[in-house]
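Here's the structure, in structure tokens; my notes come after.
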Amino acid sequence: MMFTPITAKLDLQEELTEALNINEVFSFKIGSLTVSIDESTVVSWIIIIAMTIIALLLTRNLKVQGEITRRQALLELCYEKAEGFFKGLMDEKTWGFIPWLMSVALFIGISNIIGLFEFKPPTKSMQMTAALALTSIILVEYSAFKDKGIGGRLKAFASPMAVITPISIMEVFTKPLSLCMRLFGNVLAAFTIMELIKIVTRAIYIPGIPVVFSLYFDIFDGLLQAYIFVFLTALYLKEAVEPVEKKEKKKKKNKKVKA
């Protein structure tokens, strides 16, 4: 009898389904086409607007010469550390993408931890993670074609031997799929676990427990997934402009180590 009130208030399937649903916020028509805007899109817009406003506020009145403020000194330190990290991973030819990688890392990081503010993370939507992954791979392929030319890029597909050409071509599609599913799967899993913890602790009146778990599932795991996404993208960019001969030597070296 003592468990009756708890059981009555605890409907995991209903509450979890509601939390996992990505609801439509509004829609509009363009001719005969209906465009639907869902929660993940709206939340991503809020994040982009907030990031833009914060960036404008933080970068006001920056100086090139003379004494700088503590704010500018801290911004320069953070930028230099992040730039140094990416420069250590990437080829000099792709350093121009470092500001973009930093922006993506910030966007994904904020998207993953925004559940702390009672928003649904936009990265738990596969369409969002797919868009991020496709953007990354488009830049990777752009870098490859720009560096090697059309002939050189096509030749790279047949390196080190023509028989692996289909596999090399398949990698163009598996890389964005891997980026997309890794980010989506981890964020969705963390979100689901946190929602279950919130539902159960709310039903049995044990406050405070979700905060403890949130330190890992929302903050640590969320920031970790942002790091992994940009880390892999940086490696793909480096590989895209790497000379074919260097790739072949690296593969031979790896085979010897495994042997």
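This structure is a prediction, so every number in the text was calculated from the model and none was measured.
With a 4.5 Å cut-off on side-chain heavy atoms, Phe157 and Leu154 count as touching. Between Leu89 and Lys238 there is no side-chain heavy-atom pair separated by less than 4.5 Å. Contact of the Met181 side chain with the Met126 side chain is registered, since non-hydrogen atoms from C-beta on lie closer than 4.5 Å. Two residues are said to be in side-chain contact when any heavy atoms from C-beta on lie closer than 4.5 Å; Phe213 and Ile193 fail this criterion. Contact annotation: the side chain of Thr123 never approaches that of Gln225 to less than 4.5 Å [non-hydrogen atoms, C-beta and beyond].
A donor-acceptor pair is defined here as one N or O able to donate and one able to accept, closer than 3.5 Å; no such pair exists between the side chain of Arg153 and the backbone of Glu141. The main-chain N or O of Glu242 is found under 3.5 Å from a side-chain atom of Lys148 such that the two form a donor-acceptor pair. Between the side chain of Asn21 and the backbone N or O of Asn23, no donor-acceptor pair lies under 3.5 Å.
Rounding to the nearest 0.5 angstrom, the gap separating the CD1 atom in Ile108 from the OG atom in Ser103 is 11.0 Å. The structure places CD of Glu239 at 10.0 Å from CG of Leu237, a figure rounded to the nearest 0.5 Å. Atom CE of Met170 sits about 12.0 Å away from atom CD1 of Ile164, to the nearest 0.5 Å. Atom CZ in Arg182 sits 12.0 Å away from atom OG1 in Thr129 (nearest 0.5 Å). Taking CZ of Phe85 as the reference point, atom CE of Met102 lies at 10.5 Å (rounded to 0.5 Å). Atoms CD1 and OG, on Ile110 and Ser44 in that order, are 12.0 Å from each other to the nearest 0.5 Å.
Taking both residues in full, the closest heavy atoms of Pro121 and Ile114 are given as CA-CG2, 3.9 Å, listed atom of the first, atom of the second, then distance. Between Leu58 and Leu75, the shortest heavy-atom contact is O-CD1, 3.1 Å. Nearest approach of Ser40 to Gln127, heavy atoms of both residues: OG-NE2, 3.5 Å. Taking every heavy atom of both residues into account, Ala226 and Asn112 meet most closely at N-ND2, 4.1 Å. Taking each heavy atom of Thr201 and Pro210 in turn, the nearest pair found is OG1-CG, 3.4 Å. Contact between Ala234 and Phe86 at its shortest, heavy atoms only, is CB-CD2, 4.2 Å.
Clustering ILVMFWY residues whenever any of their side-chain heavy atoms sit less than 4.5 angstrom apart, transitively, puts Trp100 in the very cluster that holds Val140. Following chains of ILVMFWY side-chain contacts shorter than 4.5 Å, one cannot reach Ile169 starting from Ile167, and the two form parts of different hydrophobic clusters. Note: the hydrophobic cluster containing Ile54 does not contain Val43 (ILVMFWY, side chain heavy atoms under 4.5 Å, direct or indirect links). By the rule that hydrophobic residues join a cluster once side-chain heavy atoms approach within less than 4.5 Å of another member, Phe117 and Leu223 end up as members of one cluster. Phe173 and Leu235 fall into different hydrophobic clusters, where Ile, Leu, Val, Met, Phe, Trp and Tyr side chains are chained together by heavy-atom contacts under 4.5 Å.
Relative ring orientation between Tyr142 and Phe97 is described as perpendicular, the plane-to-plane angle rising above 60° on a 0-90° scale split at 30° and 60°.
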Pair Lys124-Glu195, salt bridge (Lys or Arg N to Asp or Glu O under 4.0 Å): steps then yes or no: CA-CA 13 Å; Lys124 81 175 180 69; Glu195 285 302 313; over 6 Å; no

Phe191/Leu20 under side-chain contact (heavy atoms from CB on, under 4.5 Å): CA gap, chis, key distance, verdict: CA-CA 8 Å; Phe191 179 81; Leu20 290 173; 3.8 Å; yes

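Exactly one residue among Leu179, Thr174, Leu177 makes a side chain to side chain contact (heavy atoms under 4.5 Å, CB included) with Ile137. That residue is Leu179. The only option from Thr52, Ile53, Ile47, Ile46 that meets the side chain to side chain contact (heavy atoms under 4.5 Å, CB included) definition with Ile49 turns out to be Ile53.
Other residues, nucleotides and ligands place no more than 12 heavy atoms under 6.0 Å from the CD1 atom of Ile150. Around CZ of Phe107, the count of heavy atoms belonging to other residues, nucleotides or ligands within 6.0 Å exceeds 12.
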